Asks: 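Submitted below is the structure of interest, expressed as structure tokens.
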Amino acid sequence: MATLRLILGDQLNHRHSWFKERDDEVIYVLMEVLSETGYVRHHLQKVVGFFLAMRAFSEQLQAQGHRVHYLRLDDPGNRQSIVLNCEALIERYGVTLFQYQEPDEWRLDQALRGFCLGFSVTSSMVSSEHFLTTRNTLADLFRGKKGYLMETFYREMRRRHQILMEPDGVTPLTGRWNYDAENRKKMPKSVVLPPIPRFIRKVEEIIVLLDRMQVQTIGQLDSERFDWPLTRAEALKTLEHFIQYRLAAFGMYQDAMTQRDWLLFHSRLSFCLNTKLLHPMEVVEACVSYWAANAEQVDFAGVEGFVRQIVGWREYMRGVYWARMPEYAGLNFFGHKAPLPSWYWTGKTQMNCLQHSIKQSLEHAYAHHIQRLMVTGNFALLLGADPDQVDEWYLGIYMDAVEWVEITNTRGMSQFADGGIVGTKPYVSSANYIHKMGDYCENCTYKRDLKYGKGSCPFNSLYWDFYHRSRSLLERNPRIGMMYKVWDKMAEKEQKAILAQAEMYKQQIESL
Ligand code: FAD
Ligand code: SF4
């Protein structure tokens, strides 16, 4: 009468009710498989991080007395596919009940549903007990409406979970819901950046294993100094460290960029959240409690800004994913087809903002939100890159990249390939914004104030080229109309020079 319970690599939830009781009839299974390392080319740190976090989770379960079957990548019995391994284990242990937690990826959800339908063993899917919403909460909230507004969803979440609310339960603390305007400062050079929490470990053995198993990866990893938080204890330390050293300035410099550092005041919690080592509510509660006890040092705007990311954006993206998959993965509103330049995989470009953001991503498997949105994402959209290729890049390169949150951010927020499901207008900018929010332009080969001509910043001409070529799709958008007025007021000679410059840069894209 054995039960087999599958735990996927992003389901490392120590608080799950499954683990409250020990039962010798229950076998937990975790597995390293080539089907998961191979569906996209992942960053080496990401593969190492997921496998080591899974191994640590399995060891902890065993230490608590649970029965665990852990399949390493090179185990002789490993069939290198989640469903094939489950099939073999069901037979091996004489399993009568197969259980799994709801997968967060549509692909795995379909695979496991199909597997269960075609198998005689009784099966059930249970909640992963991680999110603050169900898969359908967002779709239900906006049923019958034209679209989904993140701000409406976020306010509803604050009310439902009584986060930062007045005692009446309906008014936000301070009377204001949104502090975005306060949370957009450039970071002065005088600001001292806090230390980054590190959990150094040697990872030679697993690198050798990946090599032997011919796992294709991207990015770099120093085998002596791999430092991502991979256990529950390390995740909690990362959270504490963020609250102590970064929370106070998080909001203020949330959109800032600098060559001086790669983390700034961001939390680096996305991997711990996405693997479920941390629960979103415990992160929010820890931040809110700290602010309540230290309101003189910690700005309310910053705490609101952080809470917004976790209970707003993160849950919202998951809701959009489940409301719109699988069609979402094929949306291409602009019909963009250009290949992503090869330097996205090397960082070898003279454009300083892109060079720094890409090299940092290859080195740390991390870039903060504004680097992803307003540097790499912005450029890909201005260029007209194929969203499939853009998605593949983002899904591979970041430590936190799992499809439900990657694709909605990339195809939706960043590339506007969903035509406005996630965002109300495309996030594009010329060099103006990049200069306003950061220090990249100071050391760049290109000149940020030139729209065309020798040395002109490619973002500038490509920006106008984007609006020009997308006119029929964007002109009626009330948030964009203004841009067309500016363009129309430009002298025809200038417009021609800008478009010719953009064309030239597109032709020379590999050498920019
Ligand atoms: P912080 O800036 O400290 O923010 C705190 C937390 O808020 C994050 O850990 C994350 O859980 C949540 N959060 C913040 N912004 C978002 C957002 N837009 N959507 C969902 N959650 C958010 N995030 C991922 O977790 N995985 C991805 O694959 C991913 N791909 C992205 C691709 C693009 C093109 C863009 C523009 C954004 C992407 N994001 C992704 C969202 C965001 O950039 C990252 O969550 C964030 O940079 C992670 O770093 P952090 O933990 O230091 O975040
Ligand atoms: Fe980037 Fe242009 Fe600034 Fe150079 S000048 S850093 S390419 S925005």
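Just so it is clear, the model here is predicted, and its values are computed rather than measured.
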Asks: So, are Glu282 and Arg232 salt-bridged, with charged N and O less than 4.0 Å apart?
Replies: yes
Asks: Would you check if Trp291 and Val307 make a side-chain contact, meaning some heavy-atom pair closer than 4.5 Å?
Replies: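 Sidechains of Val307 and Trp291: no contact.
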Asks: Ignoring hydrogens and geometry, is there a side-chain-to-backbone donor-acceptor pair from His43 to Gly396 under 3.5 Å?
Replies: no
Asks: Compare all side-chain heavy atoms of Thr96 with those of Thr122 and state whether any distance is below 4.5 angstrom.
Replies: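 Sidechains of Thr122 and Thr96: no contact.
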Asks: On a heavy-atom basis, which atom in Val283 and which in Leu269 lie closest, and how many Å separate them?
Replies: CG1-CD1, 4.1 Å
Asks: Got a sec: does the CZ of Arg22 have more than 12 other heavy atoms crowding it under 6.0 Å?
Replies: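 12 or below, so no.
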Asks: Between Arg324 and Asp418, is there a side-chain N and carboxylate O pair less than 4.0 Å apart?
Replies: no
Asks: Is Glu91 atom CD crowded by more than 12 heavy atoms from other residues, nucleotides or ligands, each under 6.0 Å away?
Replies: no
Asks: Ignoring hydrogens and geometry beyond distance, is a side-chain donor-acceptor pair present between Ser124 and Gln99 at under 3.5 Å?
Replies: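 The answer is yes; a qualifying pair exists.
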Asks: Under 4.5 Å between any side-chain heavy atoms of Ile27 and Leu89, yes or no?
Replies: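 Ile27 does not reach Leu89 side chain to side chain.
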Asks: Cut-off 3.5 Å, side chains only: do Thr376 and Tyr394 have a donor facing an acceptor?
Replies: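 Thr376 vs Tyr394: donor-acceptor pair found between side chains.
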Asks: I'd like to know whether Phe379 forms a ring-ring contact (aromatic ring centres under 6.0 Å, His included) with Trp393, so could you lay out the CA-CA distance, the side-chain angles of the two residues, the decisive distance to 0.1 Å, and finally the verdict.
Replies: CA-CA 13 Å; Phe379 192 82; Trp393 187 79; over 10 Å; no
Asks: To check you understand the geometry: which heavy-atom pair defines the closest contact between Ser414 and Leu381, and what is its length?
Replies: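 Looking at all heavy atoms of both residues, the shortest contact is O-CD2, 3.4 Å.
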Asks: Taking NZ, NE, NH1 and NH2 as the nitrogens, is one of them in Glu406 or Lys46 under 4.0 Å from a carboxylate oxygen of the other?
Replies: no
Asks: Are Arg143 and Asp140 within salt-bridge range, i.e. N to O under 4.0 Å?
Replies: yes
Asks: Measure centre to centre between the rings of Trp404 and Phe131, then say whether the value is under 6.0 Å.
Replies: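 Distance test on ring centres: under 6.0 Å, yes.
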Asks: Are Phe57 and Phe19 an aromatic pair, judged by ring center distance below 6.0 Å?
Replies: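 Aromatic pair counts; centres sit under 6.0 Å.
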Asks: Could you tell me if Arg411 sits above the aromatic ring of Tyr328, with its cationic atom closer than 6.0 Å to the ring centre and no more than 45 degrees from the axis?
Replies: no
Asks: Ignoring hydrogens and angles, tell me if any N or O in the side chain of Asn274 forms a donor-acceptor pair with the backbone of Asp400 under 3.5 Å.
Replies: yes
Asks: Where do Leu239 and Ala286 come nearest, in terms of heavy atoms and distance?
Replies: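 Result for this residue pair: CD2-CB, 4.1 Å.
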Asks: Do Asn294 side-chain atoms and Gln297 backbone N/O form a donor-acceptor pair below 3.5 Å?
Replies: no
Asks: Would you say the side chain of Leu264 lies within less than 4.5 Å of the side chain of Arg246, judging by non-hydrogen atoms?
Replies: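 Counting from C-beta outward, Arg246 and Leu264 never come under 4.5 Å.
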Asks: Would a distance-only check, ignoring hydrogens and angles, find a side-chain to backbone donor-acceptor pair under 3.5 Å from Gln360 to Tyr366?
Replies: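 Judged by distance alone, yes, a pair lies under 3.5 Å.
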Asks: Please check if any side-chain donor atom of Gln62 sits under 3.5 Å from a side-chain acceptor atom of Ser58, or the reverse.
Replies: yes
Asks: Establish, yes or no, whether the cationic atom of Arg268 lies under 6.0 Å from the six-membered ring centre of Trp228 and within 45° of the ring axis.
Replies: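 Verdict for Trp228: a cation-pi partner in Arg268.
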Asks: Taking atom types as modelled, is there a side-chain donor on Glu129 or Asn13 under 3.5 Å from an acceptor on the other?
Replies: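 Note: Glu129 and Asn13 side chains miss the donor-acceptor criterion.
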Asks: Assess whether a salt bridge exists between Glu204 and Lys202, defined as any Lys/Arg side-chain N lying under 4.0 Å from an Asp/Glu carboxylate O.
Replies: no
Asks: For the residue pair Phe306 and Phe250, categorise the inter-ring angle as parallel (less than 30°), tilted (30 to 60°) or perpendicular (more than 60°).
Replies: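 Rings of Phe306 and Phe250: perpendicular, over 60°.
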Asks: If you measure from the Lys or Arg side-chain nitrogens to the Asp or Glu carboxylate oxygens, is any gap between Arg107 and Glu403 under 4.0 Å?
Replies: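 Looking at Arg107 and Glu403, the cut-off is not met.
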Asks: Can you give me the closest heavy-atom contact between Ile196 and His241, atom names plus distance?
Replies: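 Scanning both residues, the minimum pair turns out to be C-CE1, 4.3 Å.
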Asks: Flag the pair Glu205 and Arg55 as a salt bridge only when some basic side-chain nitrogen lies within less than 4.0 angstrom of an acidic carboxylate oxygen.
Replies: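 Salt bridge: yes.
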Asks: May I ask you to decide if Val33's main-chain N or O and Arg79's side chain share a donor-acceptor pair within less than 3.5 Å?
Replies: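 Checked: no pair found.
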Asks: What verdict does the side-chain contact (heavy atoms from CB on, under 4.5 Å) test give for Gln254 and Gln309, after you've listed the backbone C-alpha separation in whole Å, the side-chain angles of each residue and the deciding distance to 0.1 Å?
Replies: CA-CA 11 Å; Gln254 194 176 339; Gln309 307 310 317; 2.8 Å; yes
Asks: Strictly distance-based, threshold 3.5 Å: is any side-chain N or O of Asn78 a donor or acceptor partner for the main-chain N or O of Glu32?
Replies: yes
Asks: Measure the shortest side-chain to side-chain distance between Glu304 and Leu173 over non-hydrogen atoms and say whether it is less than 4.5 angstrom.
Replies: no
Asks: Checking the side chain of Asp75 only, and the main-chain atoms of Arg72 only, is there a donor and an acceptor separated by less than 3.5 Å?
Replies: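 Side chain of Asp75 to backbone of Arg72: a pair is present.
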Asks: With a cut-off of 6.0 Å (strictly less than), are more than 12 heavy atoms of other residues, nucleotides or ligands near OH of Tyr427?
Replies: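 For Tyr427, atom OH is not crowded (no more than 12 foreign heavy atoms under 6.0 Å).
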Asks: Would you say the side chain of Val375 lies within less than 4.5 Å of the side chain of Ile370, judging by non-hydrogen atoms?
Replies: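 Contact flag for Ile370/Val375 side chains = no.
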Asks: Quick check: does any side chain N or O of Arg372 sit under 3.5 Å from a backbone N or O of Asn409, one acting as donor and the other as acceptor?
Replies: no
Asks: Show the nearest heavy-atom pair for residues Met165 and Gln162, with the distance to one decimal.
Replies: CB-OE1, 3.7 Å
Asks: So that I know where these two stand, are Phe153 and Tyr148 an aromatic pair - ring centroids less than 6.0 Å apart?
Replies: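 No: the rings miss the under 6.0 Å criterion.
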Asks: Is the closest side-chain heavy-atom distance between Val405 and Tyr321 below 4.5 Å?
Replies: no
Asks: Flag the pair Arg201 / Glu234 as yes when at least one side-chain heavy-atom distance between them is below 4.5 Å, and no otherwise.
Replies: yes
Asks: So that I know where these two stand, are Phe50 and Phe271 an aromatic pair - ring centroids less than 6.0 Å apart?
Replies: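 Between Phe271 and Phe50, which both carry aromatic rings, the centre distance is below 6.0 Å.
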Asks: Are the side chain of Lys276 and the backbone N or O of Leu12 linked by a donor-acceptor pair below 3.5 Å?
Replies: no
Asks: Start with the C-alpha distance between Arg159 and Glu156, add both sets of side-chain angles, then the distance that settles salt bridge (charged side-chain N to carboxylate O under 4.0 Å, His left out), and finish with yes or no.
Replies: CA-CA 5 Å; Arg159 276 189 223 102; Glu156 175 61 22; 3.3 Å; yes
Asks: Is there a donor-acceptor pair closer than 3.5 Å between any side-chain N or O of Gln45 and the backbone N or O of Glu363?
Replies: yes
